[in-house]
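First comes the structure, then the notes that go with it.
Order of listing sets the numbers, starting from 1, for every ligand and every atom in it. Atom set for the values below is all heavy atoms of this structure, side chains included, hydrogens, waters and symmetry mates excluded. From a predicted model like this one, the values you see are computed outputs, not experimental measurements.
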Amino acid sequence: MKILVINSGSSSIKFQLLQLPEETLLCKGMADRIGVNNSQLEYKTQAAQIKETLALNNHQQGLQKIAELLLDPKVGVIQDKSEIAVVGHRVVQGGSLFAETTLINDRVKQEIQAFADLAPLHNLPNYAGIVVAEQLFPGAQQVAVFDTAFHQSIPEVANQYALPKKLYTEHGIQVYGFHGVSHQYVSQQAIQYLGLKQSKIITLHLGNGCSMTAVKDGQSIDHSMGFTPSTGLIMGSRSGDLDPGIIFHLVDKLGYTLDEVNNLVNKQSGLLGLTGYRDLRDIEAQVGQGNRDCQLAIELSAYRIKKYIGAYTAAMNGLDAIVFTAGIGENSQLMRASVCTDMDYYGIELDQDKNQQKSEGVQEISSGTSAVKVLVIPTKEELEIAKQAYALIYND
Ligand code: ADP
């Protein structure tokens, strides 16, 4: 079965075509800068690689162009659109309604639109991707895989804020969590690798957005992002955890508007705010040149992560493994070493040599005496979406 996975953002469409159950990647790519000048299209198969600049005015044109490449006599990987049996869509916010991957119908589309109140930057482009895919691939089943679904298992004790109850019951103000597809995929990989029936795992998704999940027996029981992705760890340009009193001070005393505070906290803070650089590779290069702010930013980020490891170990009453994933987690030896330093009380000991090696698949970087396994597992969100879509269609 060929499954096209679509991750539709505000100005981009990332895609992969996968063959299931073999889990073979047939092609992947991205239409970027949609609706902006000089849109980019990248397309890659085993045999071909294309990168072109063109005009893509909207998602319809972006996905149309992707479909043309899939069908292209020279570089294409299908002969007819009907070969695509399923289109799997990543949808960021499914509220409390969607705890599972779901076949898309008119009601589901309405709900995805309605949840845009909670995640306007994500759900509306996700919705646009679904509408366009329905038009372009009318014979395919459309499936929604929600980033919040994995976190629906978080118990009340961890998903409520200590605010007046009616904000929870009437207005849905609670922890929803994000990056669920990634946390689910790498935690399952870790459980398989460790061969454990019962397991206590902390997954660290460290990319531009950063989040951590406490995964007990395969289920998310706590997570560092909350009602929105703004909270928790220090990220590329988001502050993570913040005293809400700072917001009142910014507005009342320093004259910020609420839009400016929103922009400050989500787009100007985090690593960018601390150092002037958002990309950890730039920050690591600066550390090499003795830049103290950059060194401190890494220490602050690692310290925040360590605090969450402590909290989640307490929440699970134990810890079998921690898993690093995403751009920083998979690649930054420095960040991994900073997180694992002086954590022997928690049974975490890094093997410095293994931490410097890079390999495909699950990589164990803890020392032989470490009570807790430290793993690096590349996240494969598109594959997880395809697997979930495949399981849904087949189980029906
Ligand atoms: P996104 O959340 O946008 O999917 P990624 O998972 O691609 O982000 O992660 C992006 C982050 O990963 C950036 O901060 C980048 O600097 C970092 N990163 C990627 N490669 C490396 C590397 N080799 N060393 C250190 N950091 C890296």
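- A donor-acceptor contact closer than 3.5 angstrom links the side chains of Q388 and E384.
- Counting non-hydrogen atoms of other residues, nucleotides and ligands closer than 6.0 Å to NZ of K14 gives a total of 12 or fewer.
- Closer than 4.0 angstrom to ligand 1 lie heavy atoms from G207, N208, G209, D279, L280, R281, E284, A326, G327, I328, N331, S332.
- In this structure, H223 has its ring center at least 6.0 angstrom away from the ring center of H179.
- At distances below 3.5 Å, at least one donor-acceptor pair connects side-chain atoms of R304 with backbone N or O atoms of G232.
- With D320 contributing its side chain and K200 its backbone, the two residues share a donor-acceptor pair below 3.5 Å.
- Transitive grouping of hydrophobic side chains (ILVMFWY, heavy atoms separated by less than 4.5 Å) keeps V92 and I104 in distinct clusters.
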